[in-house]
Amino acid sequence: MYKVLILISAFALIILATVTIILVKLNWSEKLYSPLLSLGLAGTVTTFITVLLMLKGSETETNFTTLVAIDSRDYLIPNTHYPTDIGIGNAMTEYFFLTHPEFTVDNYQGKSFETPKNDTEATLFNLELVQYGIFKSILGFTNETKSLSFDINKGVSGEFKKPYKMKEIVTKPLKELKTELSKNRFSNCPAELFSIEHLKYKFPKGTKVEFKRIPTSPKTGPEKQVIILSKEYYFKIEIIIEAGLASVGPNSDPKILKIDTENARYCHTYLYNITIKTTFEKITGGNWRTEELKNWASWLSNNIENKYSIN
């Protein structure tokens, strides 16, 4: 019904415009300059005000806490079984493979990055780890992939996940983001270098990716690692990871991870605050793409929170 009304209105507008042009042509004279100019100006101003009133920007913010548990003997992720029925358990498994490339590459020797030697270095090390882990998860959320998990008793299992459907999704080689990804030390892992060269990513058309570090300062507070997804004139999504508290010492293992007794003895837990800020520009508030992009941004934020939050 709505489309029929639009078609009828458009047809009537065309007829009216045609008749008006014919009348103006038949009666053209200098006397028509002033009223036509006034009419054109009034129409332009009215259209401008109407469109301006339709435009509305928006800002949303989501806050939650995540964690990273490390082995105090080497300041890396403990080699143990993590629960697969909670998001943070799956995240810890992914952290383990990122910090232990010898488990992903045959006959691999050494490390691809500098490892921490104390709790202060571990705090910053884990900031990058969470940043890279979240970005890998975003790639998983936005691609049609089979998510694999490992259970020591059940073995490897998978779940087929479909991304949020949009009209303007673009698939590009992941290596186009190599410069940004190289800002994070974990992009140098052999398995990640292979992925960057061969995999693809899917984002809304025109989306740019930026990795950003905000050093500690009196003005900005503790050090932060940030992932920025943005589309010019439309949106900006900032995923900000900030160092929180470290629970250091014996029996500081997070109970939610159900770490075995032997590894729990050496466990240190680090908490990180994550803020997801989503800003939509006012200038495109009335565009047909905006509502779809808002739904996509909300879907993405919910997926990140569901996987990483321990709140």
Do Leu139 and Leu174 come within less than 4.5 Å of each other through their side chains, counting heavy atoms only? yes
Rounded to the nearest 0.5 Å, what separation is found between the OG1 atom of Thr115 and the NE2 atom of His100? 10.0 Å
Test side-chain contact (heavy atoms from CB on, under 4.5 Å) on Ile227 and Gln131 and set out the steps. CA-CA 7 Å; Ile227 301 170; Gln131 181 192 44; 3.7 Å; yes
I'd like to check Tyr272 versus Val68 (side-chain heavy atoms, cut-off strictly below 4.5 Å). Are they in contact? yes
Decide whether Val209 and Tyr233 are clustered together by the hydrophobic rule: side chain heavy atoms of Ile, Leu, Val, Met, Phe, Trp, Tyr closer than 4.5 Å, transitively. yes
Close side-chain approach of Ile241 to Glu223, heavy-atom, < 4.5 Å: no
If I take atom CD1 from residue Ile304 and atom CZ from residue Phe135, how far apart are they, to the nearest 0.5 angstrom? 10.5 Å
Are Asp119 and Tyr270 packed together at the side-chain level, in the sense that at least one heavy-atom pair is separated by less than 4.5 angstrom? yes
Residue pair Glu210 / Ser230, side-chain heavy-atom distance below 4.5 Å: no
When rounded to the nearest 0.5 Å, the distance separating OG1 of Thr269 from NZ of Lys255 is 9.0 Å
All heavy atoms of Ile259 vs all of Ala69, minimum pair found to be CD1-CB, 4.3 Å
List the steps, then state whether side-chain contact (heavy atoms from CB on, under 4.5 Å) holds for Ile274 with Ile134. CA-CA 11 Å; Ile274 297 180; Ile134 289 178; 3.7 Å; yes
Could you walk me through whether Asn263 and Arg73 satisfy the side-chain contact (heavy atoms from CB on, under 4.5 Å) test, starting with their C-alpha distance in whole Å, then the side-chain angles of each, then the deciding distance to 0.1 Å, before giving a yes or no? CA-CA 10 Å; Asn263 280 293; Arg73 291 170 291 186; 3.7 Å; yes
Full working for side-chain contact (heavy atoms from CB on, under 4.5 Å) between Thr62 and Thr275: CA-CA 6 Å; Thr62 300; Thr275 300; over 6 Å; no
Please determine, by modelled atom types, if Tyr234 and Asn287 share a side-chain donor-acceptor pair under 3.5 angstrom. yes
Taking the six-membered ring for Trp, are Phe96 and Tyr82 closer than 6.0 Å centroid to centroid? no
Do Leu199 and Phe211 belong together in a cluster built from hydrophobic side chains that touch within less than 4.5 Å? yes
In the hydrophobic cluster built from side-chain contacts under 4.5 Å, what are the other members alongside Ile240? Ile214, Val226, Ile228
Asn143 versus Thr171: any side-chain heavy-atom pair under 4.5 Å? no
For the backbone of Lys117 and the side chain of Glu121, can you confirm whether one donor and one acceptor N or O come within less than 3.5 Å of each other? yes
Quick one: salt bridge (charged side-chain N to carboxylate O under 4.0 Å, His left out) partners of Glu197, sequence neighbours excluded? Lys178
With sequence neighbours excluded, what pairs up with Glu59 under the salt bridge (charged side-chain N to carboxylate O under 4.0 Å, His left out) test? none
Sequence-distant partners of Lys175, salt bridge (charged side-chain N to carboxylate O under 4.0 Å, His left out), two or more places apart: none
Output the distance between atom NE2 (His268) and atom OG1 (Thr123), rounded to the nearest 0.5 Å. 11.0 Å
Among all residues two or more places apart in sequence or in another chain, which pass the salt bridge (charged side-chain N to carboxylate O under 4.0 Å, His left out) test with Glu180? Lys183
Do Thr142 and Tyr201 come close enough that some side-chain heavy atom pair is under 4.5 Å? no
Name the one of Asp71, Asp74, Ile70 that satisfies side chain to side chain contact (heavy atoms under 4.5 Å, CB included) with Tyr266? Asp71
Closer than 3.5 angstrom, by distance alone: can the side chain of Thr18 be matched with the main-chain N or O of Ile14 as a donor-acceptor pair? yes
Under the side chain to side chain contact (heavy atoms under 4.5 Å, CB included) rule, collect the residues that match up with Glu192, sequence neighbours excluded. Leu98, Tyr132, Lys136, Cys189
Rounded to the nearest 0.5 Å, what's the gap from CG on Leu67 to CD1 on Ile310? Could you check? 4.5 Å
Could you list who else is in Leu193's hydrophobic cluster, with ILVMFWY side chains joined at under 4.5 Å, directly or through other members? none
Going by the salt bridge (charged side-chain N to carboxylate O under 4.0 Å, His left out) test, which pairs reach into residues 283-296, not counting sequence neighbours? Glu168-Arg289
Please name all residues satisfying side chain to side chain contact (heavy atoms under 4.5 Å, CB included) with Glu128, sequence neighbours left out, ordered by chain then number. Asn184, Arg185, Phe186, Gln225
When you check the side-chain N and O atoms of Tyr308 and Thr65, is any donor under 3.5 Å from an acceptor? no
State, to 0.1 Å, how close Pro204 and Met166 come at their nearest heavy-atom pair, and which atoms those are. CG-SD, 3.9 Å
Residue set satisfying side chain to side chain contact (heavy atoms under 4.5 Å, CB included) with Thr120, at least two apart, ordered chain then number -> Asn118
Treating Thr290 as the side-chain partner and Thr284 as the backbone partner, does any N or O pair qualify as donor plus acceptor under 3.5 Å? yes
Do we see a donor-acceptor contact under 3.5 Å between the side chains of Asn303 and Asn306? no
Would you please name every residue forming a side chain to side chain contact (heavy atoms under 4.5 Å, CB included) with Ser217, sequence neighbours left out? Lys219, Thr220
Look up atom CD1 in Ile237 and atom OG1 in Thr279, then write down how far apart they are to the nearest 0.5 Å. 9.5 Å
Would you call the rings of Phe235 and Phe280 parallel, tilted or perpendicular, where under 30° means parallel and over 60° means perpendicular? tilted
Test of understanding: with ring pair (Phe, Tyr, Trp, His ring centres under 6.0 Å), list the residues that count as partners of Phe194, not counting sequence neighbours. His198
Are Asp260 and His81 packed together at the side-chain level, in the sense that at least one heavy-atom pair is separated by less than 4.5 angstrom? no
Are any side-chain N or O atoms of Lys224 and backbone N or O atoms of Pro222, one a donor and one an acceptor, separated by less than 3.5 Å? yes
Might you work through the salt bridge (Lys or Arg N to Asp or Glu O under 4.0 Å) test for Lys307 and Glu94, ending with a clear yes or no? CA-CA 12 Å; Lys307 181 170 183 176; Glu94 293 166 5; 2.8 Å; yes
